[in-house]
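Written out below as structure tokens is the structure these notes cover.
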Amino acid sequence: MLQQTPVVRVLPVWHEWLKRWPTPAALAGEPAGEAVRAWGRLGYPRRALRLHAAAVAITQDHNGKVPDTYPELLALPGVGGYTAAAVAAFAYGRRETVVDTNIRRVHARLVSGTALPAPALTAAEMRLAASLLPADDGSSVRWNAAVMELGALVCTARAPKCTACPVNDLCAWRAAGEPPPSYVPKGQAWHGTDRQVRGAVVAVLRLAETPVPPDMFFREPADLGFAPAGIGVPLAALHRLNSAPEQLERALAGLIADGLAEMHDGGYRLPA
DNA sequence: GATGCGTGGGT
DNA sequence: TACCCAAGCAT
């Protein structure tokens, strides 16, 4: 849930999940579509799909217990290098080189003297992080947590709180006069994109209690008569986008291809 | 290595 | 109001 999503937005959903599915086996025992529904508006819903798949793998291959080693974690669906290291370190107390966006930024400023880390994680960054990691397990876990928190709360991407920084006298970026970034991060386009349409379609499927006929997506709301219960609002939002039919086609095909949707009784629904 | 993939709070 | 950007991953 925390992948590319702020902690404060994750917390309430996370609590609900753990209440409903206290164990991997509990989640694995339900359809993947239920995971997508419970995901709510966290974004990147295929993460919900992969989390469900991970629960299935843990139930089948790990006797229902989340594995405690980096390579085993890395093999789970939706778990990459960062998540595998973070779980091994923070859940199991292991010494792992945890490198997330916060740690990358702290290292870039404090050590490398640049405003921002490189656009993508580099081998040099991994070597630097590994070289800074304390030798014993307990200290390494504290170090990972501390650097991550420093980046999240003080050494923030925009408007860093340098005057409140406990290590500002060690900061290479500050010492260099806080030079600006050497490149401009290119933001993701959103308005009018396939991605926006896809998000609106998933919003409809998430609230639908029965399969949604293609007409509901492709025809004007006025021509539809009535919509299945509950999806009036997201359906109106989708049509407000005024997207081209080809765009809707691509969104629906993409959702099917990704396993986020399936056809049933001539309509689209989340995987059951 | 580059791309596609959501959403909402902060500035 | 726009734009930034957030505990990344898979292909």
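Numbered from 1 within each chain, the chains take letters A, B, ... in sequence-line order. In this text, all values refer to a predicted model and were calculated from it rather than measured experimentally. The basis for the numbers below is simple: all heavy atoms, side chains too, and nothing from hydrogens, waters or symmetry mates.
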For this session: Report yes if at least one side-chain N or O of A/R105 is closer than 4.0 Å to OP1 or OP2 of C/dA6; otherwise report no.
Result: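 Yes, within the criterion.
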Nearest whole Å is fine: how far is [N] [atom2] from [X] [atom1]?
X	N	atom1	atom2	result
A/R195	B/dC5	CZ	C1'	5 Å
A/W39	B/dC5	CH2	P	17 Å
A/L42	B/dG8	CG	P	9 Å
A/L49	B/dG6	CG	C1'	15 Å
A/D100	C/dC9	CG	P	10 Å
A/M1	B/dG6	CE	C1'	15 Å
A/Q3	C/dA10	CD	C1'	11 Å
A/W190	C/dC5	CH2	C1'	14 Å

Which part of the nucleic acid does [X] contact within heavy-atom distance under 4.0 Å: base, sugar-phosphate only, or nothing?
X	result
A/R41	sugar-phosphate
A/Q188	base
A/T101	sugar-phosphate
A/R104	nothing
A/L121	nothing

Problem set entry | A/L73 and A/V66: CA distance, side-chain angles, deciding distance, side-chain contact (heavy atoms from CB on, under 4.5 Å) verdict | CA-CA 8 Å; A/L73 288 160; A/V66 178; 3.9 Å; yes
Exercise. P atom, C/dC9 versus B/dG8: distance in rounded Å?
Worked result: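 My reading of the P atoms in C/dC9 and B/dG8 gives 22 Å.
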For this session: Determine yes or no for a side-chain-to-main-chain donor-acceptor pair under 3.5 angstrom, with A/Q247 supplying the side chain and A/G192 the backbone.
Result: yes
Exercise. Can a donor-acceptor pair be found between the side chains of A/E96 and A/S140 at a distance below 3.5 Å?
Worked result: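 On atom types as modelled, these side chains do not qualify, holding no pair under 3.5 Å.
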Problem set entry | Side-chain donor-acceptor pair present, A/Q196, A/T193, cut-off under 3.5 Å |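 Looking only at side-chain atoms, A/T193 and A/Q196 do not form any donor-acceptor pair under 3.5 Å.
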Problem set entry | Base C/dG8 paired with A/R46 side chain (donor-acceptor, <3.5 Å) | no
For this session: Please state whether the base of B/dG6 and the side chain of A/T5 form at least one donor-acceptor pair under 3.5 Å?
Result: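 Answer is yes: a donor-acceptor pair is held.
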Exercise. Which of the following nucleotides, C/dA10, C/dA6, B/dT11, is nearest to the side chain of A/A157?
Worked result: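 Of all the options, the side chain of A/A157 is nearest to C/dA6.
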Problem set entry | Among C/dA6, B/dG6, B/dG8, the one nearest A/R47 by side-chain distance | B/dG6
Problem set entry | Within residues 65-95 of chain A, residues whose heavy atoms come under 4.0 Å of DNA chain B | none
For this session: Specify the residue among A/A159 and A/D258 whose closest nucleotide of DNA chain B lies further upstream toward the 5′ end.
Result: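 It is A/D258 whose nearest nucleotide is closer to the 5' end.
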Exercise. Taking for each residue the nucleotide of DNA chain B with the nearest heavy atom, is it A/Q4 or A/R158 whose nucleotide lies nearer the 5' end?
Worked result: A/Q4
Under a 4.0 Å threshold between the charged nitrogen and the carboxylate oxygen, would [Y] count as salt-bridged to [X]?
X	Y	value
A/R94	A/D68	yes
A/D258	A/R198	yes
A/E246	A/R250	no

For this session: Write down the atom of A/D137, the atom of A/G93, and the distance for their closest heavy-atom approach.
Result: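 So the two residues come closest at CB-O, 3.5 Å.
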